[in-house]
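Some notes on the structure that comes next.
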Amino acid sequence: MWRFKLDALPVRWNISTRGIDIPSLLCPSCQLGVERLNHTFFECQVAVDIWHLVRVWLSCNMPIFRNWEEINSWIEGSLFSSNVLMRAKVIVVTVLWVMWRYRNGVAFDDIVIHKNYPKEYEKLVKKKLEVEMELERATEKVSSSKN
Ligand SMILES: [Zn+2]
């Protein structure tokens with residue numbers, strides 16, 4: 001799961017560099033920037049808002065990420081205990097997953113982004129996080145019962 005490869009995601013810029021003609025390179029969410037990976041997950045106003053929300057929920061001093069490498073070095077370079085580290089990874093991957101899912105909803109299912117999108121994101125992230133945390137707890141139980 002942690003090996004989630006962002007580079008492979010078919011954002012519009014990546015599609016166009018493979019020589020495929022697409023009608024627009026603009027980000028489906030904001031229609032303001034070319035849809036590259038960093039735009040989708042870090043620079044788009046939608047992404048900026050969601051990372052901000054995550055920082056508020058977690059009330060932790062998570063830095064403002066500008067790219068995938070910065071997330072990696074934050075996680076790898078942290079002095080977190082392994083438990084907290086695991087949680088931080090789950091949260092980051094969940095946030096990215098929700099962003100991508102939401103982006104696909106906008107791009108393919110004509111979901112309209114409206115003023116309430118931070119609330120919708122919050123619901124999605126929290127729901128997904130509950131599932132992930134459940135899984136994690138279940139895994140911990142299995143591995144501790146083995147010991
Ligand atoms: Zn955008």
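The basis for the numbers below is simple: all heavy atoms, side chains too, and nothing from hydrogens, waters or symmetry mates. A quick note: this is a predicted structure, and the numbers were derived from the prediction, not measured. Whatever order the structure lists them in is the order used to number ligands and atoms, beginning at 1.
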Smallest separation among heavy atoms of Met99 and Thr40, with atom names: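 Between these two residues, the closest heavy atoms are SD-O, 4.3 Å.
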
Taking the side chain as everything from C-beta on, heavy atoms only, tell me whether Glu70 gets closer than 4.5 Å to Phe42. no

If you count every heavy atom of other residues, nucleotides or ligands that lies below 6.0 Å from Ile20 atom CD1, does the total exceed 12? yes

Let me know which of Glu35, His39, Gln45, Glu43 forms a side-chain contact (heavy atoms from CB on, under 4.5 Å) with Cys30. His39

Residue from Val46, Leu9, Asn67 passing side-chain contact (heavy atoms from CB on, under 4.5 Å) with Phe41: Leu9

Shell of protein N/O/S atoms around the Zn ion (ligand 1), taken as anything under 2.8 Å: Cys27 SG, Cys30 SG, His39 NE2, Cys44 SG

If a pair satisfies salt bridge (charged side-chain N to carboxylate O under 4.0 Å, His left out) and one of its residues is in residues 20-29, list it, with sequence neighbours excluded. none

